[in-house]
2 protein chains.
Amino acid sequence: MADSTTKRVTSADVARLAGVSRATVSYVLNDTPRQTISAGTRDRVRDAAAQLGYAPSAAARTLRTGRSDVVLCLLPDWPIGPEVGSNLGHLSTALARHGLTLVVHPGNREDRPIAELWKAITPAAVIAYTGFSDAEMAAMRSAGVSLVVALSRRDRGRELAVPQELVGRRQAEHLAQAGHSRLGYAYPDDPRVRFFAEPRLAGVRGACAARRLPTPVGLTVPLDPAAASEAVRRWQATGVTAVCAYNDEVALAILAGARRAGVAVPGELAVMGVDDIVPARLADPPLTTVTTDQAVVAAHLAATVVAAMNSRAAPTLPAADIVRVVSRESA
Amino acid sequence: MADSTTKRVTSADVARLAGVSRATVSYVLNDTPRQTISAGTRDRVRDAAAQLGYAPSAAARTLRTGRSDVVLCLLPDWPIGPEVGSNLGHLSTALARHGLTLVVHPGNREDRPIAELWKAITPAAVIAYTGFSDAEMAAMRSAGVSLVVALSRRDRGRELAVPQELVGRRQAEHLAQAGHSRLGYAYPDDPRVRFFAEPRLAGVRGACAARRLPTPVGLTVPLDPAAASEAVRRWQATGVTAVCAYNDEVALAILAGARRAGVAVPGELAVMGVDDIVPARLADPPLTTVTTDQAVVAAHLAATVVAAMNSRAAPTLPAADIVRVVSRESA
DNA sequence: CTGTTAGCGCGTTCAC
DNA sequence: GTGAACGCGCTAACAG
C-alpha cells in the first residue's frame with residue numbers, strides 16, 4: 001500500500017528499494033526500446049514503484065524532454081454552454097487513453113496574454129476555439145508545441161473544424177423533407193460566436209442550393225422574448241415557414257417570440273435548434289434539434305493530437321453519422 | 001519586438017544580452033527582497049527580457065521551488081451546467097490577479113486516478129467540487145499542495161462551502177413573502193448532485209422553521225415532462241402551492257409537468273429555480289429564480305487560496321448580498 | 001551595496 | 001545494467 005504521509009517519492013527512492021540505479025528505473029518505467037532489462041529486475045522495479053506510490057514529477061520530466069504530456073485547451077471568452085462541458089469531458093477521456101492530460105484554461109485573454117500561458121506550461125498541443133494569428137501559430141510551433149488546433153474556421157495548417165457545416169445541412173434537410181421551402185436562419189446576438197454561426201449558415205445555404213430552394217433569410221435573434229417576436233413577425237412577412245436556429249437557446253428565444261406574437265409552432269413556423277440541451281426537451285412545444293456525437297469527435301481530436309505528436313498524418317474524421325436530428329414537436 | 005521564430009528563450013539568453021549573470025536576471029525579474037540591484041542594471045535586464053520575449057519555464061521553476069503557480073480545479077463527473085463555466089471564468093480572472101493560473105481538469109476520476117494528476121502537476125492548490133477522503137487530503141498536503149478546498153459540505157479543514165444554504169433560504173423567503181405557506185422542494189434526479197441539493201434544502205427548511213411554516217415536502221423530479229407532471233400532481237394532493245427547485249433545469253421540468261397536468265403557474269403552483277440560465281427567461285411563464293454573484297465568490301475563493309499559500313488565515317466571505325432573487329412570472 | 005559562483009531539484013539518456 | 005551530464009531557474013555563500 002502506498003504510504004500517503006511521506007514527502008515526495010522520487011525515482012531515487014524507487015531505485016534504492018529495488019536495488020538498482022535510477023537509470024534502470026527510468027528504462028523500466030518507460031518501457032524504453034532497445035534497452036534490454038531482465039524480467040526479474042523489471043518486476044522488482046515495478047513493485048518498488050507501486051509500493052512507494054511513485055509518480056514521476058511532471059516538472060522534471062518536462063524540463064528534461066522539453067515537452068509535457070499536457071494538452072492545453074483554451075476556452076473562448078464568450079459564454080460557453082453546457083455542450084462545451086460534456087465536450088471537454090469526452091476529450092479528456094479520449095486523451096487520457098493516450099497518456100495525455102487535458103487541461104482547460106477558461107481565462108479571458110485579457111487576464112494574461114496567452115503567450116505567457118503556453119510558454120509556461122509547454123503543452124504538447126494547444127486546442128483553441130478561436131483562431132490564432134499566423135504569428136502566434138509560428139511562435140508556438142517553434143517553441144515546441146507540436147500541434148495547434150483551432151476549432152473555428154481559420155485553422156490554416158491542420159484541418160479540424162468540427163463539422164459545423166454538417167450541422168446546418170442536417171437542419172435544412174430535415175426541414176426540407178418536412179415540406180418547407182422558405183427557410184429562415186436565426187443568428188445569435190453575440191458577435192463573438194459568429195465564428196461558429198457562419199459555417200452553420202453555410203451548411204444551411206448549401207443544402208438549400210442543392211435542392212433549388214431559395215436562399216434562407218437570416219436574422220439576428222436576441223435572447224429576449226420581445227426582440228425575438230419581432231424577428232418572428234419579419235419572417236412571417238417574408239413567407240418563411242421554418243427556421244434553423246444557431247443553437248437551442250436561440251431556438252428557445254424564437255419559441256418565446258412566437259408565443260408572444262401569437263404564431264403557432266410548428267403550425268405556422270417550424271423551429272430547429274442545435275445541441276439538445278436539457279431545456280430543449282422541456283420547452284413548449286418540445287424542441288426539435290440536432291446533436292453531435294461528442295464521443296466520436298473527441299476521439300478524433302485526440303487521435304489528431306497524438307498523430308501530430310508523432311508527426312504522422314492526421315486521421316480523417318468519419319463524417320458519417322456524427323450529426324443526428326433529435327425529432328420532437330417544434331419541427 | 002519579440003522574435004517569434006527562435007528556440008526557447010532561457011534566462012541565460014537574457015543574461016547574455018544584458019551582460020550580467022543568470023543570478024542577476026533571476027533577482028531582477030523576481031524582485032527578490034534583500035538583493036539590491038542598481039536601477040541601471042534592472043532596466044537592462046528587463047529590456048533584454050522584453051526584447052527576447054522571455055518567459056521562464058514553469059517546469060524548471062516548479063522543479064526548483066517544489067511548487068507551481070497553478071491552481072488545479074477538479075470538475076465533478078456529473079454533468080455541469082453553464083453556471084460552472086462562468087464560475088470558472090471569474091475564478092481564473094481572480095486568480096490571475098494574484099499571479100496564479102487556473103487550470104481545470106474535466107476528467108472523470110476513472111480516466112486517471114486523481115492522485116496521479118496532482119502528483120504530476122504539483123499545483124499550489126486544489127479546488128474540487130466533490131469532497132476528498134481524509135487520506136487523500138493528507139497525501140496532498142504532505143506532497144506540498146498548500147490548500148485543498150472542496151466546494152461541497154465535507155470540507156474539514158478550511159471552511160469554504162459556497163453559501164448553498166443561503167440559496168435555499170432566499171427561495172423560501174421569497175415564496176413565503178408572496179404568501180405561500182406549504183412549500184415543496186424539487187430534488188434533482190441525479191444522485192450525484194445530492195451534495196449540492198442537501199444544503200439548499202436545509203436552507204429552505206431553515207427558513208420555513210424560522211417562520212413556523214410546515215416542513216417542505218421534497219420530491220425527486222426527473223428532467224422529463226411526464227415524470228414531472230406526476231410530481232406536480234402529488235404536490236397538489238398535499239396542498240403545496242409553491243415549490244423551490246434544485247436548479248433552473250428542474251424548475252423547467254416542473255413547468256413542463258404543470259403544463260401537462262393542466263396546473264396553472266403561478267396561479268395554482270408557484271415555481272422557483274436557481275442559476276438564472278438563459279432558458280429560464282425564455283420559459284413559459286418566465287422563470288423566477290435566484291442567482292449568486294459569481295464574481296464575489298470567485299474573488300473570495302482566490303483570496304482564500306492566496307491566504308493559504310502564505311499560511312495566513314482565510315478571509316471570511318461577505319455573505320451579504322451574494323444571493324439575489326430574479327423575480328419573473330413563475331413565482 | 002552589487003553582482004557572481006556554484007549546486008540543487010528530478011527524470012532522461014548517452015557512453016561505457 | 002550503471003555512471004554522469006543535461007535541462008533551467010532559484011538562492012545561499014561569497015567576492016569586489
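Order of the sequence lines sets the chain letters (A, B, ...), proteins ahead of strands, with each chain counted from 1.
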Using a 4.0 Å heavy-atom cut-off across all strands, classify A:V25 as base, sugar-phosphate, or nothing.
nothing
Kindly say whether A:H300 contributes a backbone atom to a donor-acceptor pair with the side chain of A:T304 at under 3.5 angstrom?
yes
Footprint string (nucleotides 11-16 of chain D, 5' to 3'): B base within contact, S backbone only, - free, heavy atoms under 4.0 Å:
BBB---
With a non-hydrogen cut-off below 4.0 angstrom, is B:I37 in contact with a base, only sugar-phosphate, or nothing?
sugar-phosphate
Closest-nucleotide mapping onto DNA chain C: is B:R61 or B:R42 further toward the 5' terminus? I mean the 5' end.
B:R42
Is any side-chain heavy atom of B:V25 closer than 4.5 Å to one of B:L29?
yes
Cationic N near anionic O, under 4.0 Å, B:D47 to B:R44:
no
Euclidean distance, atom CG of residue B:D31 to atom P of C:dT2 [Å, nearest integer]
14 Å
Starting from C1' on D:dT2, measure out to CZ on A:R16 and report it in whole angstrom.
16 Å
Does A:S38 make a side-chain N or O approach to OP1 or OP2 of D:dG1 shorter than 4.0 Å?
yes
B:L52 side, atom CG; B:L17 side, atom CG - distance, nearest 0.5 Å
5.0 Å
Tested for side chain to side chain contact (heavy atoms under 4.5 Å, CB included) against A:S26, the lone hit among A:T24, A:N30, A:V28 is A:N30
Would you tell me if any nitrogen or oxygen in the side chain of A:T10 comes within less than 4.0 Å of OP1 or OP2 on C:dC10?
no
Taking the side chain as everything from C-beta on, heavy atoms only, tell me whether B:H98 gets closer than 4.5 Å to B:V71.
no
Should B:S21 be listed as having a side-chain N or O under 4.0 Å from OP1 or OP2 of C:dT4?
yes
Between B:H105 (side chain only) and A:L102 (backbone N and O only), is there a donor and an acceptor less than 3.5 Å apart?
yes
A:D13 side chain vs A:T10 backbone, donor-acceptor pair below 3.5 Å:
yes
If you take all heavy atoms of A:A298 and A:A94, which pair is closest and at what distance?
O-CB, 3.8 Å
How many Å lie between CZ on A:R44 and C1' on D:dG1, as a whole number?
11 Å
Among C:dC1, D:dC8, C:dG3, the nucleotide that comes nearest once only the side chain of B:T36 is considered:
C:dC1
End-to-end bend of the helix from C:dC1-D:dG16 to C:dC16-D:dG1 (five-pair axes, 10° rounding)?
50°
